[in-house]
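Every number for a ligand or one of its atoms is a count from 1 in the order of the listing.
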Amino acid sequence: MLRYPGWLLGYLWWLLKGCYAVARVFLVDARVLLGVAVKIPTVSFSASEQNTTALKEFDQLLRRVFPKIFSSSLVQHEMVGNYSHLLTVPGSEPDLEPYMLLAHIDVVPADEADGWDAPPFSAQELNGFIYGRGTIDNKQSVMGILQALEYLLEQGYTPRRSFYIGLGHDEEISGPQGAVNIVKLLKSRGVKLLYVLDEGLTIMDGVVDGLIGPGALIGVSEKGQATVKLSVSTPPGHSSMPPRESSIGILASAVTRLEKNRMPNLFGHGPERATFEHLAHKFGWPYRMVMSNLWLFSSLVLEGQPDTNAFVRTTTAVTMFNSGVKINVMPAYAEAFVNFRIHSSQTLQEVLKLIKSTISDERVKVEFVSGFDPLPISSYDEDTFGYQIIKKTVHDIFPEVTVSPGICVGNTDSRHYTELSPDIYRFAPSWYKPGDSARFHGVNERISIQNYEEIVLFYFQLMQNSDIRNLPGPRT
Ligand SMILES: CCCCCCCC/C=C\CCCCCCCC(=O)N[C@@H](Cc1ccc(O)cc1)C(=O)O
Ligand SMILES: [Zn+2]
Ligand SMILES: [Zn+2]
């Protein structure tokens, strides 16, 4: 047996305790800074209305609380589209292809009156959670990424592989000034990226029936979108002599037909098949048996909940419905907007055709408002650098978590980066437990203090893990 002198063991113990103490102080500060960031209401209300005062204040905050980043001669900082940030961190080995981390500063509106347990811009701490708009979408990543870089610079770390950090200010309105202009700038500089990591899927814990233990789903694609406007025009008149069907009634039947006749269950035709193949060994009895018939499994287990249902089909959401001017006047006009999120195995054109055939009523005008096809599927095989480095980092920080590919059901700024990289991933290591889906854009958005500390450590580790030149070869 190897023997070490007592003084050496004592010294190592002292060093370990010291590092732990430094890390604790650093993480306590980090959590305070997340709170300060959440208190700034960087709300994107609509495409034409953003809180620019808050966006300016956020810029000042970043410069104040990350002094190493903003004074370092290594890091280049640029403002893009007025309020978005592009950071360039050159590596010491320029032949290594760079990667890029994305997050966004803006948030959706929040109203305390909707039933928040703490005011949405208070960052109040309750039972170990920080409450506030942006705590999971997506200030935890903005602050987590910068905190990790600040800490690395403090330690004198020089990366070997160059990387970029893109912080959009208008993601919630699809990134027309932020992400779009960052991409234009990088393209003009001839940049190609080894991989891109943006917000998206999370660590699911207890969300899928039968799955034992937590699973980190790395979004290897994201769904497409179609928004259509449905409208009905009928002659106005006195409500005392109504026709058999009003414009409202005709339109209501059309949207009911769309809701009742959901788009087909396409489980197994997109990357969600790989999700369950990767997780198969983590299912307990009797789910493991049902797993052998994946289609049956998908209807029994996945279609029941809105979040898992979104995984298996193009979803239909009637989001706006307007009509009527007075209680005794037959409305001349009724309109509704329906937002579809397109499954990976369908196209925008196919979905538009299905919408028309499902409504099948000449009186209902169907107009295309906006949309795009599902995004390409990024590689998740054994020798794909980005996927494997993200996976390794998840295992480094969360050893108990199983990693698998998944589809991001919402859209992200990374959608604009397809010309810069084939390998785009959507994942942030927030814990997602039953009921948490309602917190995205909903009430009581929150993050546990422990989870925020893990997020900082995740990015800290990812920046270092990305510095390896090649993935280790297959074990012999
Ligand atoms: C097997 C288990 C399946 C469980 C799957 C469900 C998990 C859900 C987990 C997390 C939610 C994912 C949220 C992703 C980020 C969405 C970001 C967002 O809200 N985007 C908006 C706005 C937007 C942004 C960028 C665009 O280019 C277009 C629109 C959106 O409406 O999607
Ligand atoms: Zn987001
Ligand atoms: Zn969002």
For [X], counting its heavy atoms only, list the atoms of ligand 1 lying under 4.0 Å from any of them.
X: F311; result: 1 (C), 3 (C), 5 (C)
X: R341; result: 30 (C), 31 (O), 32 (O)
X: V208; result: 1 (C), 2 (C)
X: C408; result: 14 (C)
X: R415; result: 26 (C), 27 (O)

Checklist entry - Applying a strict 4.0 Å limit to heavy atoms, is T275 in contact with ligand 1? => result no
Checklist outcome for this item: Heavy-atom nearest pair, D423 first then L194, reads CB-O, 3.8 Å
Which is it for [X] and ligand 1 at heavy atoms under 4.0 Å: side chain, backbone, both or neither?
X: H441; answer: side chain
X: F276; answer: side chain
X: A310; answer: neither
X: R426; answer: neither

Checklist entry - Do we see a donor-acceptor contact under 3.5 Å between the side chains of Y380 and S404? => result no
Checklist entry - Between the side chains of T358 and N261, is a donor N or O closer than 3.5 angstrom to an acceptor N or O? => result no
Next on the checklist: If you take the nearest heavy atom of each of T308, I173, N411, which one is closest to atom 20 (N) of ligand 1?
Outcome noted: N411
Checklist entry - Checking ring-ring contact (aromatic ring centres under 6.0 Å, His included) for the pair Y99/F385: CA distance, chi angles, key distance, verdict? => result CA-CA 10 Å; Y99 65 100; F385 189 93; 8.2 Å; no
Which protein heavy atom lies closest to [atom], and at what distance to 0.1 Å?
atom: atom 12 (C) of ligand 1; answer: G200 O, 3.8 Å
atom: atom 6 (C) of ligand 1; answer: D307 O, 3.6 Å
atom: atom 7 (C) of ligand 1; answer: M204 CE, 3.4 Å
atom: atom 15 (C) of ligand 1; answer: E199 OE1, 3.9 Å
atom: atom 8 (C) of ligand 1; answer: Y432 OH, 3.8 Å

Checklist entry - Excluding sequence neighbours, so at least two apart, what forms side chain to side chain contact (heavy atoms under 4.5 Å, CB included) with E419? => result K187
Next on the checklist: Going by side-chain hydrogen bond (donor to acceptor under 3.5 Å, both in side chains), name the residues that satisfy it together with E199, two or more places apart in sequence or in a different chain.
Outcome noted: H104
Does the side chain of [X] reach to within under 4.5 Å of the side chain of [Y], using non-hydrogen atoms?
X: S344; Y: P271; value: yes
X: N181; Y: S84; value: no
X: Q50; Y: Y83; value: no

Next on the checklist: Under a 3.5 Å distance rule, please check whether D106 uses its side chain to pair with a backbone N or O of S44 as donor and acceptor.
Outcome noted: no
Checklist entry - Between the side chain of E335 and the main-chain N/O of S231, is any donor-acceptor distance below 3.5 Å? => result no
Item to check | Residue-atom pairs from the protein, N, O or S only, that lie under 2.8 Å from the Zn ion (ligand 2) | outcome: H104 NE2, D137 OD1, E199 OE1, E199 OE2
Next on the checklist: Just to verify, which of T315, T227, T316, T319 counts as forming a side-chain hydrogen bond (donor to acceptor under 3.5 Å, both in side chains) with N339?
Outcome noted: T227
Item to check | Pairs touching residues 299-324 that satisfy ring pair (Phe, Tyr, Trp, His ring centres under 6.0 Å), sequence neighbours left out | outcome: none
Checklist outcome for this item: The residue among V456, I449, I447 that forms side-chain contact (heavy atoms from CB on, under 4.5 Å) with R31 is I449
